There are 2 protein chains.
Amino acid sequence: MDAYEYIKDAIIEGKFVPGMRLAEESLAKKMNISRTPIREAIRQLEAEGLVIPLKRGVSVRHFTKDDIRQIYDLRTLLEGYAASQAAIHRTESDLLKMESANILYEEAISGHVESNMESLKDIVQVNQKFHEAIVAASKNEHIHFHISKVVVVPIVFRSFYWYNSFQLKQSLEVHKTILDAIKNREPERARIAMHEHIYQGRDHVLKHLEQIKNIHLLKEEGK
Amino acid sequence: MDAYEYIKDAIIEGKFVPGMRLAEESLAKKMNISRTPIREAIRQLEAEGLVIPLKRGVSVRHFTKDDIRQIYDLRTLLEGYAASQAAIHRTESDLLKMESANILYEEAISGHVESNMESLKDIVQVNQKFHEAIVAASKNEHIHFHISKVVVVPIVFRSFYWYNSFQLKQSLEVHKTILDAIKNREPERARIAMHEHIYQGRDHVLKHLEQIKNIHLLKEEGK
DNA sequence: ATTTAATTGTTTGTATACAATAAGTCAATA
DNA sequence: TATTGACTTATTGTATACAAACAATTAAAT
């Protein structure tokens, strides 16, 4: 599904901004295909919650601070559960995958130049790889489905954009703590470490949204 | 979306059995519409996980015992969380909704004749109303999305089919316990009561699947 | 000048036609 | 007899055409 990727990427990178209406015809023209595959892509994105239905057509979803808080609460619940289950069910091969993901994460961080989109994409992707390795180790094949819905990629992507190199290294350390707990088969410790990890991510996002709001307020005053 | 309802109902009531392939053309002919809305309905059902993609087309999903175990584990996690949050955030109006849902539940149970599809549908619907009232009281608007995916309607529907009137009354009592905990603002008690409620549902389903399997094994021997 | 009616235009929803691809069948050969 | 290959059929994926619904704009009337 190519149209799907196209639209999703545009939303993630902020090219299609929240609230923007998505007209099928114009998207079709832009991609040189017919409306049919565009419609299917839009229905898909609707199911994922990235666009919301209007009376006529759809628009890019805007995530409020409450949305983000609530979504992160659920992500904490789900990923915490995944981590605790991983601590119970993990195999040696699972551990290898998590470790290698963490090594890649370390490399991606050290090779990262701030505000470089490409290296940022790498970091986001490798970070996801670590989290997915934990989900795989939990041996509950259905968790993935839910976590994928609770990891709102547009938000997560921006959150990494806002990390400085020290904070990135810090998150690597937390990864190692989680990995240790899973390796030592300590479900509760794994869950708590994961909770903490994701709550930090949430607060990071919320703090920056607050700042952005303030900038906008200043602009309003300036008019 | 009418085609969606049609296909979903057929799956829920077992008219389209697990593993059965869904051909667009034949569905379209059966409903006297074109393939276009059929396709959209199928994509929707795919996103919900009720049908699974084949190399070509889709087939009705078969839920294994492991699937059901894993899905119920997640449902326990999510609904337990919802109950605990409801105990914190519930308003008086939330309580009224839960109570009225429970009264309707009681009526539906007492008016139910075993194996009567219509009264069964009522029970399932009213039960859902109670659970949704709790979700609403939790004040996390995103929980609903996830719980709707973890409440696999075909399975839940059958599970109610297998309940006798005593078991139905018993589940009503558990509802009352959950409601009490929420009313008294006891999050942990609410969560635990909900956990127990859903785990009972899970075991009920698994027990009956076991029986069905045994019946099939007997048939095999009979050949 | 403001509100209502009507008409025009734009965009989505559905049907149909065509293209592409997977599956099934039959024949030929080892 | 089994297996491979060409060919036929069936089914999905995409494009286009048409119908329906909504929005917007203009004209008329109070």
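None of the values given here were measured: they were computed from a predicted structure. Within every chain, numbering begins at 1; the chains are lettered A, B, ... in the order of the sequence lines, protein sequences first and strands thereafter.
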Decide yes or no on side chain to side chain contact (heavy atoms under 4.5 Å, CB included) for A/Ile33 and A/Leu27, but give the supporting numbers first. CA-CA 9 Å; A/Ile33 56 176; A/Leu27 286 171; over 6 Å; no
Between B/Lys121 and B/Glu13, does any NZ, NE, NH1 or NH2 come within less than 4.0 Å of an OD or OE carboxylate oxygen?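 Here B/Glu13 pairs with B/Lys121 in a salt bridge, since their nearest N and O are under 4.0 Å apart.
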Ion pair check, A/Glu40 and A/Arg43, cut-off under 4.0 Å: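 No, this pair does not count.
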Tell me the interatomic distance from A/Lys29, atom NZ, to C/dT10, atom P, rounded to whole angstroms.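 My rounded result for the distance is 11 Å.
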For the pair made of CG in A/Asp2 and P in D/dG13, what is the distance, rounded to whole Å?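 The distance from CG of A/Asp2 to P of D/dG13 comes to 15 Å, rounded to the nearest Å.
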Take B/Glu210 and B/Lys65 through the salt bridge (Lys or Arg N to Asp or Glu O under 4.0 Å) test and state the conclusion after the steps. CA-CA 9 Å; B/Glu210 193 65 40; B/Lys65 279 179 75 175; 2.3 Å; yes
Could you write out each protein N or O paired with an N or O of nucleotides 11-14 of chain C at a distance under 3.5 Å?
| residue | atom | partner | partner atom | Å |
| --- | --- | --- | --- | --- |
| C/dT11 | O2 | A/Arg56 | NH2 | 2.1 |
| C/dG13 | OP2 | A/Arg39 | NH1 | 2.8 |
| C/dG13 | OP2 | A/Arg39 | NH2 | 3.1 |
| C/dG13 | N7 | A/Arg35 | NH2 | 2.7 |
| C/dG13 | O6 | A/Arg35 | NH1 | 3.0 |

Show every donor-acceptor pair shorter than 3.5 Å between a side-chain atom in residues 79-92 of chain A and any protein atom, with sequence neighbours excluded, or say none if there are none.
| residue | atom | partner | partner atom | Å |
| --- | --- | --- | --- | --- |
| A/Glu79 | OE1 | A/His131 | ND1 | 2.7 |
| A/Glu79 | OE2 | A/Arg75 | NE | 2.9 |
| A/Glu79 | OE2 | A/Arg75 | NH2 | 3.3 |
| A/Ser84 | OG | A/Tyr81 | O | 2.8 |
| A/Gln85 | OE1 | A/His89 | NE2 | 3.3 |
| A/Arg90 | NE | A/Ile182 | O | 3.0 |
| A/Arg90 | NH2 | A/Lys183 | O | 2.7 |
| A/Thr91 | OG1 | A/Ser93 | N | 3.4 |
| A/Thr91 | OG1 | A/Asp94 | N | 3.2 |
| A/Thr91 | OG1 | A/Asp94 | OD2 | 3.1 |

